[in-house]
Amino acid sequence: MPELPEVETTRRGIEPHIKGQTVAKVSIRCPKLRWPIPKSLYKNLPGKTILAVERRAKYLLVRFEHGTLMMHLGMTGSMRISPATRQWKKHDHFALTFTNKKQLRLHDPRKFGSVLWYRGTDEKQKLLAKLGPEPLTDNFDADYLYNKSKKRTATIKQHIMNNHVVVGVGNIYASESLFMSGIHPTRAAGKVSKARMSTLVDNIKIILQRSIEQGGTTLRDFLNENGEPGYFAQQLNVYDRAGEQCVDCNRIIKSVVLGQRSTFYCPGCQR
DNA sequence: ATCGCCTCCTGCGCGC
DNA sequence: TGCGCGCAGGAGGCGA
């Protein structure tokens, strides 16, 4: 399940191979992703050159002079660079073939991903307009999160997973960052002190940054013919560890469902 | 404005 | 070993 570090790793992995390349052909094998892949891409992209590959939240933004190709990996999406002659694999839904005979492919078994197109600024793109700050920028700090949480009754875990509050904190890292911060996931967001909120902000940044750095070692996998990009084995302290002992206090890790999402915590370490 | 539930889809794990 | 069932999960949409 791509979290923000995997999306950033994907961006860094594909950028050197597609930036400056000119699209020769668009292939839509299965348009039924989260939203239909727009057919307008067939006429919009051929002959056009990629100017930049950027990221906002978990969206990859491929910039052209006349618009932006916006892609999301959903839960199971992955991208890779391959020769244009390589045969299609099951669940390869979308591809751009470039004039240098290389291809960018989107592979997504569960089809929760998306491929969209928009012209104009990001601010006018509906899905991007209301997003909160990037977690690794200075805009996301203790003052911001504390003020944003005042009077909020939602649990702190759901709060930090809310894209209007801060983007890119997925289910795994939400549990992990709360464990690192000693904050119980069911605590109301508005009831977390500023000091503890500051710790939480620091830990979210540390966890995401560390994961992005680990991803750096897998960048060459975007060119491999076989298998998926390796991504990285996470060092997880609580996620998916219900029933096991806490690494800090030896009490038993518990799980609870919040907002339809499994949540893991240590009843000894988190208050 | 905010909250909570629903939905999309497929592979996997579990029980038998 | 094989089969069938139920569930996980990102995040927008919607109703309250």
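Heavy-atom basis, side chains included; hydrogens, waters and symmetry copies ignored. Below, read A as the first sequence line, B as the second, and so on, with proteins coming before strands; counting in each chain starts at 1. These figures come from a predicted structure and were not determined experimentally.
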Are A:Lys32 and B:dC8 close enough that a side-chain N or O sits under 4.0 Å from OP1 or OP2? no

Mutual orientation of the aromatic rings belonging to A:His91 and A:His107 [parallel < 30°, tilted 30-60°, perpendicular > 60°]: perpendicular

note: A:His107, atom NE2; B:dT10, atom C1'; distance rounded to Å ~ 11 Å

Rounding to an integer number of Å, can you tell me how far A:Phe112 CZ sits from B:dC8 C1'? 5 Å

Within the pair A:Tyr239 and C:dG9, is there a side-chain N or O less than 4.0 Å away from OP1 or OP2? yes

Under-4.0 Å salt bridge between A:Glu8 and A:Arg11: yes

Each nucleotide N or O in nucleotides 11-14 of chain C that has a protein N or O under 3.5 Å away: list the pair and distance.
from, atom 1, to, atom 2, distance (Å)
C:dA11, OP1, A:His72, NE2, 2.4
C:dA11, OP2, A:Lys58, NZ, 3.3
C:dA11, N6, A:Arg261, NH2, 3.0
C:dA11, N3, A:Arg34, NH2, 3.2
C:dG12, OP1, A:Tyr59, OH, 3.1
C:dG12, O4', A:Arg34, NH1, 2.7
C:dG12, O4', A:Arg34, NH2, 3.2

Using only heavy-atom distances, determine whether the side chains of A:Ser175 and A:Thr263 contain a donor-acceptor pair under 3.5 Å. no

Name all residues meeting the side-chain contact (heavy atoms from CB on, under 4.5 Å) criterion together with A:Ala52; count only those two or more places apart in sequence or in a different chain, and write none if there are none. A:Glu54, A:Arg63

Which whole-number value in Å describes the distance from A:Leu258 CG to B:dG4 P? 10 Å

Looking at residues 152-162 of chain A, who's got a heavy atom less than 4.0 Å off DNA chain B? A:Arg152, A:Thr153, A:Ala154

Return one dot-bracket line describing DNA chain C 5' to 3' (Watson-Crick or G-U wobble pairs, both distances under 3.5 Å; ( ) same strand, [ ] crossing, | another strand, . none). .|||||||||||||||

Side-chain donor-acceptor distances from residues 35-43 of chain A under 3.5 Å, at least two apart:
none

Using a cut-off of under 3.5 Å, enumerate the N/O to N/O pairs linking the protein to nucleotides 11-15 of chain B.
from, atom 1, to, atom 2, distance (Å)
B:dG11, OP1, A:His91, NE2, 2.7

